[in-house]
Amino acid sequence: MKTIGILTSGGDSPGMNAVIRAVVRTALSQDMKVYGINYGYEGLIEGKFQEMNISSVSDILHKGGTILKTARSERFPTEEGRQKAYGMIKTFGLDGMVIIGGDGSYRGGLMLSKMGLTVMCIPGTIDNDLGYTDYTIGFDTAVNTVLGAISNIRDTSSSHQRTSVIEVMGRNCGDIALYAGLTGGAESILVPEKPVDINAVCRKVVQGINRGKLHSIIVKAEGVDLGTQELADIIQERTGQETKIVVLGYVQRGGSPTARDRMLASKMGYKAARLLMYEPESKAIGISGGEIIAYNLEDALEMNREFDDTALEIVDILSK
Ligand code: F6P
């Protein structure tokens, strides 16, 4: 019988629970023993292990957050922290581990892999910022949450004839802004991947006012190198239209995962547990062209994300 561990690390994302469920139930169906490790790499260092059975993951598929809890560990990147963690891995007899998180969590996974453990990394982050996979788990839910917020803000912006600047998460990746902005009918979208053209943003607002538009929506990713309030002040000063900001913040990280995220989570969790059983070599699980893939872990971290320029061009044309 093989023994595996599973942990979630870094910022939580909707769908992490669905992954935990898929990994635990697939592993149990292969007669593996599974330990859930609480609080990510911190819990690994401290030995916060609990054996999981089929009921440990009951009724969690639809829940946001992570039943295993999460943390950003400052100790794990140190040699001492890592050695302690590896000691726990030996103590509990782990043959392999599933790590759910973003690029920081993957780097931790790679370190463990280099120490001799087989690691399967699964992309659980709302940011969609991993280059080797088309989508990360939680991104779709976050986009839909932002979309709902845009619709609400549109109603009140229109009633008051205001411009609204909506700041969204994503760290250095503009995908949440791009997808939610495009589908929410934003006039302009500002992302870290592109330089800010403040003239173009203001021009759009003025042209809108001139043709009778009652409001403008500007979606700005948090990673853009211009403050949200600063941007709003410039727009208000130049266009004369009252401009308000909304920083959506952590509301984007919670909530019940969408069907799309649950599907990704279930398929990736299944794949990871099966690989641990039958092809134990460290991998980054992802999706590419609709297929679930298992990519070389080290290479996965080297891949840069390609930004969808066409989507931004579409926004420019459709929001005229
Ligand atoms: O990586 C997910 C994310 O929500 C980013 O979009 C954001 O920049 C960051 O985490 C916030 O991190 P924290 O929870 O530490 O404030």
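In each ligand, atom 1 is the first atom listed, and ligand 1 is the first ligand listed. Side chains are part of it too, since the values below use all heavy atoms of this structure and drop only hydrogens, waters and symmetry mates.
Distances shorter than 4.0 angstrom occur between a heavy atom of Gly170 and an atom of ligand 1. In this structure, Gln252 falls outside the shell of residues with a heavy atom less than 4.0 angstrom from ligand 1.
Protein heavy atom nearest atom 16 (O) of ligand 1, with residue, atom name and distance: Tyr250 OH, 2.4 Å. In terms of protein heavy-atom proximity, atom 9 (C) of ligand 1 is closest to Arg171 NH2, 3.6 Å. Scanning all protein heavy atoms for the shortest distance to atom 12 (O) of ligand 1 gives Arg72 NH2, 3.0 Å. Residue, atom and distance of the protein heavy atom nearest to atom 11 (C) of ligand 1 are Arg253 NH1, 3.6 Å. Nearest protein neighbour of atom 6 (O) of ligand 1, counting heavy atoms only, is Asp127 OD1, 2.7 Å. In terms of protein heavy-atom proximity, atom 7 (C) of ligand 1 is closest to Glu222 OE2, 3.3 Å.
Leu182 and Ile218 are not part of a single hydrophobic cluster, where members link through side-chain heavy atoms under 4.5 Å apart. Follow the hydrophobic side-chain contacts under 4.5 Å out from Val24 and you reach Ile285 in the same cluster. The hydrophobic clustering, which links ILVMFWY residues whose side-chain heavy atoms are closer than 4.5 Å, places Met268 and Met263 apart.
For the pair Arg82 and Tyr41, the cation-pi criterion (under 6.0 Å, within 45° of the ring axis) is not fulfilled.
The aromatic rings of Phe49 and Phe92 lie parallel to each other, with less than 30° between the two planes, well short of the 60° mark.
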Evaluate side chain to side chain contact (heavy atoms under 4.5 Å, CB included) for Lys220 paired with Val168, printing each intermediate quantity in order. CA-CA 6 Å; Lys220 175 190 163 286; Val168 302; over 6 Å; no

